[in-house]
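By convention in this document, chain letters (A, B, ...) are assigned in the order of the sequence lines, proteins followed by strands, and residues within each chain are numbered from 1. What you see below is based on every heavy atom in this structure, not just the backbone, and it leaves out hydrogens, waters and symmetry mates.
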Number of protein chains: 2
Amino acid sequence: MLYTNTSSQDGPEGRVSSTIGAITQMMRSADLGPGDQLPSEATLSRDLNVSRTVIREAFRSLAAMRLIELSVGKRATVAELDYAALSPLIEHGVRTEQISVQQVYDVRRTIEQRTAALAALRRSDDQGREILAHATAMKVHADAPEKIMEHDLGFHLAIAKAARNPVFTLIVGAFEGVTRQTWPIGWRSRKDQAEQAIMLDLHEAIAGAIVEGHPQRAADLMAKHFDESIRALIVAGIS
Amino acid sequence: MLYTNTSSQDGPEGRVSSTIGAITQMMRSADLGPGDQLPSEATLSRDLNVSRTVIREAFRSLAAMRLIELSVGKRATVAELDYAALSPLIEHGVRTEQISVQQVYDVRRTIEQRTAALAALRRSDDQGREILAHATAMKVHADAPEKIMEHDLGFHLAIAKAARNPVFTLIVGAFEGVTRQTWPIGWRSRKDQAEQAIMLDLHEAIAGAIVEGHPQRAADLMAKHFDESIRALIVAGIS
DNA sequence: TTCTGCTATCCTGTATGACAGGTTGAGGCT
DNA sequence: AGCCTCAACCTGTCATACAGGATAGCAGAA
């Protein structure tokens with residue numbers, strides 16, 4: 001009495017895929033929002049006529065796509081958007097040489113010109129302060145590249161958040177992993193302190209333009225910043 | 001003799017997460033590229049001292065993130081970049097009202113201005129022909145909105161591919177699902193044939209600028225196109 | 001009566017064994 | 001040499017079992 005399942009037709013991609021579809025459709029029908037609970041694995045197993053194994057693999061898939069969140073002992077919940085969701089994919093593309101670092105920086109340049117302009121228009125006071133704080137912190141820790149990098153990443157992410165469009169945040173977050181791997185290379189290629197100071201000053205200038213509400217200036221400075229960063233990476237021999 | 005596993009420390013996130021890390025690191029160490037095979041589930045189960053269950057859930061997660069590809073009977077292989085990888089995440093964000101349609105279009109406007117300019121600079125002859133073909137096909141099927149939409153989607157994706165930066169393709173592809181759901185609304189809001197003709201002409205003009213190699217003109221026309229599309233959605237009451 | 005602590009219950013994480021069915025390569029037959 | 005068959009391997013799914021986290025409800029103490 002193995003297959004009692006002749007009634008539900010599996011798509012050509014197997015039961016797990018069908019189940020993923022069924023669960024997403026169920027979320028849609030029930031109009032579940034972030035934080036809402038999904039049925040338990042056992043319940044879904046009964047309702048969809050598949051084993052708990054299949055439900056679990058479907059859950060894992062949905063969790064990997066950041067549509068739901070799993071935690072032990074508790075039911076699965078609908079997930080909030082997470083800016084880190086896309087990082088693994090981009091890192092994989094770069095590692096397998098399907099994406100070059102320069103291509104990543106070209107996209108960042110395009111996106112962040114816009115986030116800088118939007119941030120200048122839409123930032124809250126708190127967001128303005130946070131952006132400025134990251135920029136000044138970068139200068140303070142001038143001898144600790146690790147800390148400079150963290151504040152640099154925080155700087156760009158804070159600008160994306162201040163642009164008040166979560167899709168931009170998502171995209172900027174997607175590049176954080178790759179940036180973390182390539183940043184030290186670019187930093188080392190800026191040989192003397194003068195070159196390093198130029199980069200730090202640029203960050204401060206961008207923060208200033210955003211805080212003072214000059215979108216065009218913020219965008220232009222951001223473009224300049226990326227031109228300079230890309231140049232530094234080329235000097236270091238990054239393709 | 002249940003837990004023989006005291007040697008390998010599980011991270012605080014459970015064995016599946018640790019195993020995902022171990023597998024990605026293994027791919028890195030072995031320098032696996034797209035198409036290369038991973039070890040079998042049984043082998044990994046032995047090597048990593050976890051059950052096949054854990055290996056399978058880790059594989060499902062990696063497959064959901066599009067880092068690997070699974071197929072029955074064959075071993076898992078390292079995946080090529082797939083422009084459709086991000087669609088589910090964006091759709092989820094829109095469905096749960098964490099992202100608005102206008103925010104999606106603002107990002108598309110930003111990105112596709114750039115892809116249009118790059119396409120004008122870098123397109124191959126074949127790519128130019130394909131872009132133009134989509135634009136003219138949209139006019140031919142003027143009475144079949146379904147077909148117009150498909151050629152519209154193909155048009156924008158072809159431009160992204162002609163820009164020769166897979167990250168742009170990835171991002172443009174991410175919005176295909178959402179666009180497919182909102183496109184008909186925008187189309188219906190263009191009441192008379194004159195308004196519809198404007199949109200079709202714009203596509204043809206963009207294709208022309210790309211084929212003739214005018215990046216600035218292509219970008220400007222693309223911006224105009226999105227301004228018009230966003231206006232049409234606002235008229236239709238899309239927030 | 002209200003607060004506290006314990007327990008029964010539900011739920012997820014992991015392991016194990018079993019079997020159906022797809023895939024592939026090694027031999028053997030023509 | 002070319003083709004065919006089959007055994008070995010591999011993934012997909014199911015059933016069952018148990019450890020341990022989470023939680024509500026009940027009982028006892030203040």
Peer 1: Is any side-chain N of the basic residue among B:R109 and B:D106 closer than 4.0 Å to the acidic one's carboxylate O?
Peer 2: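 Between B:D106 and B:R109 there is no salt bridge, as every charged N stays at least 4.0 Å from the carboxylate O atoms.
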
Peer 1: Parallel, tilted or perpendicular: which fits the ring planes of B:H141 and B:H151, with parallel below 30° and perpendicular above 60°?
Peer 2: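 It falls in the parallel class, under 30°.
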
Peer 1: Cut-off 3.5 Å, side chains only: do B:Q98 and B:T96 have a donor facing an acceptor?
Peer 2: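 B:Q98 vs B:T96: donor-acceptor pair found between side chains.
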
Peer 1: Using a 4.0 Å cut-off on heavy atoms, which residues in residues 70-81 of chain A reach DNA chain D? List them by number, or say none.
Peer 2: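 Close to the strand are A:V72, A:G73, A:K74.
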
Peer 1: Is it the case that B:T53 and A:R56 place a side-chain donor and acceptor less than 3.5 Å from each other?
Peer 2: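 No, no side-chain donor-acceptor contact under 3.5 Å.
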
Peer 1: Answer yes or no: does atom CD of B:Q37 have more than 12 heavy-atom neighbours from other residues, nucleotides or ligands under 6.0 Å?
Peer 2: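 Yes.
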
Peer 1: Is a side-chain N or O of B:S45 found less than 3.5 angstrom from the main chain of B:V50, in a donor-acceptor match?
Peer 2: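 At least one qualifying donor-acceptor pair exists.
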
Peer 1: Decide yes or no for A:L153 and A:R180: does some side-chain heavy atom of the first lie under 4.5 Å from some side-chain heavy atom of the second?
Peer 2: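 When only atoms from C-beta onward are counted, A:R180 and A:L153 do touch, with a gap below 4.5 Å.
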
Peer 1: What residues from residues 51-59 of chain A pass a heavy-atom cutoff of under 4.0 Å to DNA chain D?
Peer 2: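 Contacting residues: A:S51, A:R52, A:T53, A:V54.
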
Peer 1: Between D:dT13 atom P and A:L44 atom CG, what is the distance in whole Å?
Peer 2: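 About 16 Å, once rounded to whole Å.
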
Peer 1: Side chains of B:R108 and B:T179: any donor to acceptor distance under 3.5 Å?
Peer 2: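 Distance-only check passes for B:T179 and B:R108.
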
Peer 1: C:dT14, OP1 or OP2 - any side-chain N/O from A:R60 closer than 4.0 Å?
Peer 2: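 Yes.
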
